Amino acid sequence: MEDIEYMEVFKHYIYIHYKEMIFKVRGTLKKFEKEFSKWGFIRIHKSFLVSYRYIYSINNSEVVLNDKSILPLSRNRNKYVKDKLVQYIRSLN
């Protein structure tokens with residue numbers, strides 16, 4: 001689980017970005033969100049589920065990952081994602 005950076009949905013498939021590989025599975029992001037939230041994943045957009053440990057920074061409309069990949073951040077989820085990330089960081093200390 002700790003090597004999965006993020007998941008994205010496209011045309012009824014979930015693309016799991018794992019290290020330098022991408023796995024394609026059938027399913028819904030809602031189902032994955034429910035299952036993976038206990039392992040530190042958060043939904044940042046209708047199409048993306050990201051692991052906290054790979055988030056480098058957040059601005060108003062984007063999430064930047066440690067590898068400098070840029071993912072969209074939903075306007076409606078902005079405050080929620082920021083708050084959850086702060087909670088996650090505090091839990092590490």
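Everything numeric in this text was worked out from a predicted model, so none of it was measured. Both backbone and side-chain heavy atoms feed into the values below; hydrogens, waters and symmetry mates do not.
Applying the salt bridge (Lys or Arg N to Asp or Glu O under 4.0 Å) test to K19 and every residue at least two apart in sequence or in another chain returns D3. In this view, K38 and E35 satisfy the salt bridge (Lys or Arg N to Asp or Glu O under 4.0 Å) rule, not counting sequence neighbours.
Residues P72 and H45 come closest through the heavy atom pair O-CB, 3.6 Å. The two residues E8 and H17 have their closest heavy-atom pair at OE2-NE2, 2.8 Å.
Sorted by first and then second residue, the ring-ring contact (aromatic ring centres under 6.0 Å, His included) pairs with a member in residues 20-43 read Y18-F23, F32-F36, F36-W39, F36-F41; sequence neighbours excluded. Among pairs with a residue in residues 22-31, none fulfils side chain to side chain donor-acceptor pair (under 3.5 Å), at least two apart in sequence or across chains.
Distance CG/L71 to CD1/I44: 4.5 Å, rounded to 0.5 Å. The structure places CD of E5 at 8.5 Å from CD of E20, a figure rounded to the nearest 0.5 Å.
In the hydrophobic clustering of this structure, Y6 does not group with I4; members are Ile, Leu, Val, Met, Phe, Trp, Tyr whose side-chain heavy atoms approach within less than 4.5 Å, directly or through other members. Linking Ile, Leu, Val, Met, Phe, Trp and Tyr whenever their side-chain heavy atoms come within less than 4.5 Å puts V9 and M21 in one cluster. Taking hydrophobic clusters as Ile, Leu, Val, Met, Phe, Trp and Tyr residues chained together by side-chain heavy-atom distances below 4.5 Å, I42 does not share a cluster with L29. M7 and Y15 sit in two unconnected hydrophobic clusters of ILVMFWY residues. Membership requires side-chain heavy atoms under 4.5 Å apart, directly or through other members.
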I'd like a table of donor-acceptor pairs (distance under 3.5 Å, sequence neighbours excluded) in which one partner is a side-chain atom from residues 80-92, with atom names and distances.
from: K82; atom 1: NZ; to: N78; atom 2: OD1; distance (Å): 3.2
from: D83; atom 1: OD2; to: K79; atom 2: NZ; distance (Å): 3.0
from: S91; atom 1: OG; to: Y88; atom 2: O; distance (Å): 2.6

Which pairs of donor and acceptor atoms, one on a side chain in residues 46-56, lie under 3.5 Å apart (sequence neighbours left out)?
from: S51; atom 1: OG; to: R53; atom 2: N; distance (Å): 3.4
from: Y54; atom 1: OH; to: E2; atom 2: O; distance (Å): 2.7

